[in-house]
Peer 1: 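Before we start, here is the structure in question, set down as structure tokens.
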Amino acid sequence: MTSVLALYRNHDALMNMSSNQQPTLILRRLSVDEYVLPKIHTKKIKRVNSERKPFSVNPFPKLGTGHGVYVFENQYFRYEGEWVKGKKHGFGKLLLKDGTYYEGQFNQGEITGTGFKFFSETKCKYKGQFLKGEMHGRGIMEFPDSSEYEGNFVHNRKNGYGVMRTPLTQYDGGYQGNMRHGEGRMVYAPMRYDKTSNGDRYEGYWVADKRHGPGVLHCADGSIFDGNFDNDEFHGHGLYRHISGVIYDGMWLKGFPAKMASKLHIVVENTPMVIRQGTPFTITVQCLNDENDVVGDEGREIQITAGFKYYQPSKGSALFDMIEDVEDKPIDTPFGYQVVHYPLTNQEQENDGPSEEDEEQELSQSQTQLDLKEDEDENQNNKEEEIKEGEDGEKLAENEKQDDEKEDGVDNSGGGVEEPDEIPNNTTTETESVPLPPPVPNCRSEEGVCVWNEVYLAPAPPMYRPFVAMEEAENDKKSSSRGKPAINKDDRRSSIGKTYTATKSNSILDKMRRQKEKALEEKYAKTGEYVLMVHDVTNPPFLGRTIEPAFLLLKLKRPEAKKRAKKEGKKWDTSQHIRRSMVATEGLED
């Protein structure tokens, strides 16, 4: 009964089977009251261990081994190549619907081995080793801009040693995570018009694509930095040899020296600095920073020049017409006026005439005469001398006019004051064209200091603009003073009488003094106020910066008169003199 019941319990399941799967029931009588369920025989479908689907393009290789083409169910992948037991294995080509494809070795269904891959999105091409579908090992990646990387990859990233070539650079060294890392060498392409490359060369350490750590940078212009880098900048201790000749060895902060020169300073005890004609002087210049500390850089090129106050010529003058053809433009100074260049030299001035001692004595005498003349002019208004009027006011005025014409070299009266027959030996009536002396050469700083010795103010060049303008201004002033309105006749006679004698007596002295000054100005600079200018002319500028210039007032005077030692003569013998007098007296009495 148990067997029968079991048979009826599975009746429903048996009825649900298809006709070809229904078993043949064979009842076998075992005993009187007992029956057993017969075996159910079903047809087994043999499954092939492969990725083959019913919509395969080509007939799949028998048992999944051989050559075949397979399109995946999502229609995105298509494989054509070798199969082994239903898996991609061997050489094949995997094509993606977006155009990306791989052609190379497969291993157990994975892209592993050597192959070639094209990336449709970036247009890059890779040829090298793969591991489980990733670029891993040695390989070459070609970029659409003709750049190329040849080196090691780890999980699709540049890692290890490699060489990266681009149209502007070439790097060979270490990589980590697609970035330059470790020791490497970068060579930049020559200078381009768009400044995208500068032609530098760097050998040293990198961190995250930045120069970081010790290294040497060879600039395209010849400058060399040997020191420490931080985030692509000079930082820490380093030695920089600039192409201009400047050498800085010290600490750096964010690309610049820790002590950077920003201004020039002229070392002088007193201002203005007093110098003497024909006497050399010394100039010392320091390179200072904002804290007024001397910066010890080497090789900075410093230039010194001199200038004289610029006078604007009046319109219509010959100098005004010539001014536009002169390239020397006025220079601004901190003294409230502009200057134009004046020749400065370190060449010793030669004396063709008298000896040095006679020259100094002559200059001192000229200075003495000038001082006496100035004192006389200052005291002239306080002293009144009575003079005899021998002529009326009109005649005196005419005499004054004649005296003025004589001072200017014109004598229409045929008489009056006579010019001196002899002119001092050192006075020349004709000027010869003398070439300008060479300028003072530029100086290279040593520990931030420049020194010039034996410096002179040279004689002014012919037709020096400020001097010509000054003479024109003086002539205009004289002509305006002569054109003053007439005064009362009696007052005029009195004033003319008072000044006539002084004018007459001083005319010769003034003329000789002017001739002497003119002769001395041909050998020495004209006395007056000058400006000394110091500029940083380092070329090209050190780190692109030019430090501020310095200015100094120079007061040029005539040489000081030297006191000559008195010659010791015969001592005066009073007793002998008395004796001689007594003898002479006795002789007269006899």
Side-chain angles (χ1 to χ4, degrees), residues 16-22 40-167 175-179:
N16 292 331
M17 292 184 181
S18 58
S19 58
N20 58 348
Q21 292 182 343
Q22 290 181 0
I40 300 175
H41 300 279
T42 60
K43 185 178 180 182
K44 293 182 179 180
I45 300 175
K46 185 177 181 181
R47 292 184 174 274
V48 179
N49 188 15
S50 69
E51 299 174 5
R52 176 174 167 273
K53 297 296 181 183
F55 47 82
S56 175
V57 176
N58 292 337
F60 201 72
K62 189 176 181 181
L63 300 178
T65 300
H67 185 277
V69 178
Y70 177 74
V71 177
F72 289 77
E73 186 176 359
N74 56 12
Q75 303 289 316
Y76 190 79
F77 300 95
R78 179 181 184 276
Y79 174 76
E80 179 180 356
E82 298 178 352
W83 299 78
V84 173
K85 294 182 180 180
K87 292 184 178 181
K88 299 182 288 293
H89 190 87
F91 187 85
K93 182 177 181 179
L94 180 65
L95 179 64
L96 281 67
K97 200 169 184 178
D98 64 354
T100 301
Y101 68 90
Y102 167 80
E103 187 173 3
Q105 294 179 346
F106 289 81
N107 189 344
Q108 297 296 320
E110 298 287 349
I111 299 175
T112 300
T114 304
F116 173 83
K117 186 174 183 180
F118 173 75
F119 300 84
S120 61
E121 183 177 357
T122 61
K123 309 301 179 184
C124 295
K125 301 175 182 178
Y126 173 80
K127 181 180 181 181
Q129 296 177 335
F130 289 84
L131 178 64
K132 294 184 178 181
E134 294 181 334
M135 297 178 292
H136 193 90
R138 299 289 298 176
I140 300 175
M141 174 72 81
E142 296 180 1
F143 299 88
D145 61 350
S146 72
S147 301
E148 181 184 270
Y149 171 78
E150 181 179 359
N152 198 61
F153 286 84
V154 173
H155 299 301
N156 285 335
R157 294 176 177 270
K158 297 189 285 286
N159 201 90
Y161 178 80
V163 179
M164 182 71 184
R165 302 179 184 91
T166 70
Y175 276 90
Q176 182 176 338
N178 258 353
M179 293 186 291

Peer 1: Rounded to the nearest 0.5 Å, what's the gap from CD on E80 to NE2 on H67? Could you check?
Peer 2: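 The CD atom of E80 sits 4.5 Å away from the NE2 atom of H67.
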Peer 1: What verdict does the side-chain contact (heavy atoms from CB on, under 4.5 Å) test give for D145 and T166, after you've listed the backbone C-alpha separation in whole Å, the side-chain angles of each residue and the deciding distance to 0.1 Å?
Peer 2: CA-CA 8 Å; D145 61 350; T166 70; 5.7 Å; no
Peer 1: According to ring pair (Phe, Tyr, Trp, His ring centres under 6.0 Å), who are the partners of F143, at least two apart in sequence or on a separate chain?
Peer 2: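 In terms of ring pair (Phe, Tyr, Trp, His ring centres under 6.0 Å), with neighbours along the sequence ignored, F143 is linked to no residue.
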Peer 1: Among residues at least two apart in sequence or on other chains, which ones pass side-chain hydrogen bond (donor to acceptor under 3.5 Å, both in side chains) with Q108?
Peer 2: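 side-chain hydrogen bond (donor to acceptor under 3.5 Å, both in side chains) check on Q108 returns nothing, list empty.
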Peer 1: Report the residues that fulfil side-chain hydrogen bond (donor to acceptor under 3.5 Å, both in side chains) with E103, sequence neighbours left out, ordered by chain and then residue number.
Peer 2: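 Partners of E103 by the side-chain hydrogen bond (donor to acceptor under 3.5 Å, both in side chains) criterion come out as none, since no residue qualifies.
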Peer 1: Only counting residues at least two apart or in another chain, list the ones meeting ring pair (Phe, Tyr, Trp, His ring centres under 6.0 Å) with H89.
Peer 2: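 In terms of ring pair (Phe, Tyr, Trp, His ring centres under 6.0 Å), with neighbours along the sequence ignored, H89 is linked to no residue.
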Peer 1: One pair to check against side-chain contact (heavy atoms from CB on, under 4.5 Å): E142 and Y126. What are the steps and the verdict?
Peer 2: CA-CA 6 Å; E142 296 180 1; Y126 173 80; over 6 Å; no
Peer 1: Please state whether the rings of H155 and H136 are parallel, tilted or perpendicular, taking 30° and 60° as the class boundaries.
Peer 2: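 Tilted: the ring planes of H155 and H136 meet at 30° to 60°.
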Peer 1: Between F77 and L95, does the side-chain contact (heavy atoms from CB on, under 4.5 Å) criterion hold? Intermediate values first, please.
Peer 2: CA-CA 6 Å; F77 300 95; L95 179 64; over 6 Å; no
Peer 1: Give the minimum heavy-atom separation between V71 and R78, together with the two atoms involved.
Peer 2: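 Minimum heavy-atom contact is CG2-CG, 4.0 Å.
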Peer 1: In this structure, which one of F72, F106, Y70 forms a ring-ring contact (aromatic ring centres under 6.0 Å, His included) with Y79?
Peer 2: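 The passing option is F106.
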Peer 1: Should K158 and Y149 count as side-chain neighbours, where that means a heavy-atom distance under 4.5 Å?
Peer 2: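 Yes. Closest side-chain heavy atoms under 4.5 Å.
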Peer 1: Which value, rounded to the nearest 0.5 Å, describes the distance between F153 atom CZ and L131 atom CG?
Peer 2: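 The CZ atom of F153 sits 14.0 Å away from the CG atom of L131.
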Peer 1: Sequence neighbours left out, what passes side-chain hydrogen bond (donor to acceptor under 3.5 Å, both in side chains) with Q176? Give chain and number order.
Peer 2: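 Testing Q176 for side-chain hydrogen bond (donor to acceptor under 3.5 Å, both in side chains), a comparison that skips the adjacent residues, returns H181.
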Peer 1: Checking the side chain of N152 only, and the main-chain atoms of Y161 only, is there a donor and an acceptor separated by less than 3.5 Å?
Peer 2: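 Flag not set: sc N152 to bb Y161 has no pair under 3.5 Å.
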Peer 1: Quick check for you: to the nearest 0.5 Å, what is the distance between K88 atom NZ and I111 atom CD1?
Peer 2: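 K88 atom NZ to I111 atom CD1 measures 8.0 Å (nearest 0.5 Å).
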Peer 1: Going by the side-chain hydrogen bond (donor to acceptor under 3.5 Å, both in side chains) test, which pairs reach into residues 113-123, not counting sequence neighbours?
Peer 2: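 Output for this query lists T100-S120.
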Peer 1: Determine yes or no for a side-chain-to-main-chain donor-acceptor pair under 3.5 angstrom, with E82 supplying the side chain and G66 the backbone.
Peer 2: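 Absent.
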Peer 1: Can you tell if the side chain of T112 reaches within under 4.5 Å of the side chain of Q105, non-hydrogen atoms only?
Peer 2: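 They are not in side-chain contact.
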Peer 1: Distance from N107 atom CG to K87 atom NZ, nearest 0.5 Å?
Peer 2: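 If I round to the nearest 0.5 Å, the distance is 10.0 Å.
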Peer 1: Quick one: do M141 and C124 satisfy side-chain contact (heavy atoms from CB on, under 4.5 Å)? Show the steps, please.
Peer 2: CA-CA 7 Å; M141 174 72 81; C124 295; 3.7 Å; yes
Peer 1: With the threshold set at 4.0 Å, does a side-chain nitrogen-carboxylate oxygen contact exist between E134 and K132?
Peer 2: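 Answer for the salt bridge query: no.
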Peer 1: Heavy-atom count around R138 CZ within 6.0 Å, excluding the residue itself: above 12?
Peer 2: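 More than 12 within 6.0 Å, yes.
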Peer 1: Quick check for you: to the nearest 0.5 Å, what is the distance between N159 atom CG and M179 atom CE?
Peer 2: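 N159 CG to M179 CE: 10.5 Å, rounded to 0.5 Å.
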Peer 1: For F118, which residues count as a ring pair (Phe, Tyr, Trp, His ring centres under 6.0 Å) partner, sequence neighbours excluded?
Peer 2: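 Here the qualifying residues are Y101.
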Peer 1: Can you sort out the partners of R165 under side chain to side chain contact (heavy atoms under 4.5 Å, CB included), two or more places apart, ordered by chain and number?
Peer 2: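 Listed in chain order: E148, E150, V163, Q170.
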Peer 1: Hey, what do you get for CZ (F119) to CG (D98), rounding to the nearest 0.5 Å?
Peer 2: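 Rounded to the nearest 0.5 Å, the CZ-CG separation comes out at 11.0 Å.
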